[in-house]
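When a ligand or atom number is given, it counts from 1 through the structure's own listing order. Counting from 1, the numbers follow the sequence of the chain as shown.
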Amino acid sequence: MQPGGSVKDRAARAIVLAAREDGRLAPGAPVVEMTSGNMGAGLAVACAALEHPLVVTMSAGNSPQRARMLEALGAEVVLVPQINGAPGQVTGADVSAAAVAAQRIAAERGGYYVNQFHAPECMRTHREATGPEIWEQSSGRVDAWVAAVGTGATFLGVAAALKERNPRVICAAVEPEGCRPLAGLPVTKHRHLIQGTSYGSVPPHWDGDLMDLSIPVTDEEVERWRRALATQEGLHVGYSAAANVAATVALLSSGRLPADTIAATVLCDTGLKY
Ligand SMILES: Cc1ncc(COP(=O)(O)O)c(C=O)c1O
């Protein structure tokens with residue numbers, strides 16, 4: 001329910017403002033990014049407000065609704081053919097192809113290539129805003145934090161903020177069964193339902209000290225929780241949100257934490273674009 005319907009609005013705003021401030025982005029120049037949809041939604045809102053055109057490249061394996069939503073938010077969308085994924089299942093190789101296209105377009109049009117996987121502003125904004133808000137809104141009672149990992153900015157930024165305030169907060173990353181590099185396991189399944197996360201490798205700014213454990217989720221659990229959240233809670237959210245809830249429930253019912261544990265997680269985006 002954030003602006004743009006995704007968890008990326010804060011990170012996007014921070015990136016655009018920082019690039020304008022130090023001259024990487026000229027006034028009115030285009031912003032270009034590779035995105036599976038979420039960062040595109042955040043950037044579209046930030047770019048519209050700050051008066052920059054936005055071009056996003058996206059793997060053609062993402063749902064067509066994503067492209068339509070980004071266009072509705074004011075972005076120009078360039079679809080990049082898949083390398084080894086399938087519709088609805090985007091692999092690391094598919095994402096790399098979309099990133100190459102974004103860099104080429106940025107060079108051609110004199111635009112600023114965001115490169116969210118390497119933008120320090122993303123984690124910083126979650127450390128300075130999202131984490132402290134969770135802490136304050138739970139009156140400091142949060143015991144556990146659970147989130148799936150794309151760039152890792154949401155997980156790491158919030159984990160850092162919570163652990164600064166209470167080093168005993170348990171921080172759990174969510175990974176699809178068979179695709180768990182954060183747990184140190186070999187990747188045996190590149191295709192999974194949790195679009196926008198778990199690309200089969202450890203993200204560039206990863207800090208393993210902030211992760212206490214990795215929780216596996218199956219595609220079946222994710223489907224089940226996506227439906228349950230919609231039909232029982234009135235929350236029509238995306239797959240990573242469902243994965244986060246599935247993993248949080250698994251953690252709370254695992255018996256490894258006290259019965260009165262309070263866990264926080266994030267519903268990363270609306271389900272309307274899937
Ligand atoms: C749908 C969705 N969920 C979760 C995430 C993970 O967020 P982060 O990049 O902060 O790890 C992303 C990132 O793109 C996403 O698109």
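Under the ring pair (Phe, Tyr, Trp, His ring centres under 6.0 Å) criterion, His236 pairs with no residue, sequence neighbours left out. Applying the salt bridge (charged side-chain N to carboxylate O under 4.0 Å, His left out) rule to Glu164 yields the partners Arg127; only residues at least two apart in sequence or on another chain are considered. With sequence neighbours excluded, no residue satisfies salt bridge (charged side-chain N to carboxylate O under 4.0 Å, His left out) with Arg141.
Around ligand 1, the residues contributing at least one heavy atom under 4.0 Å from the ligand are Lys8, Ser36, Asn38, Val149, Gly150, Thr151, Gly152, Ala153, Thr154, Gln195, Gly196, Thr197, Ser240, Cys268, Asp269, Tyr274.
Judged by distance alone, the side chain of Arg13 and the main-chain N or O of Val45 form no donor-acceptor pair under 3.5 Å. Between the side chain of Asp269 and the backbone N or O of Gly5, no donor-acceptor pair lies under 3.5 Å.
Under the 30°/60° scheme for interplanar angles, the aromatic rings of Phe155 and Trp145 are found to lie parallel.
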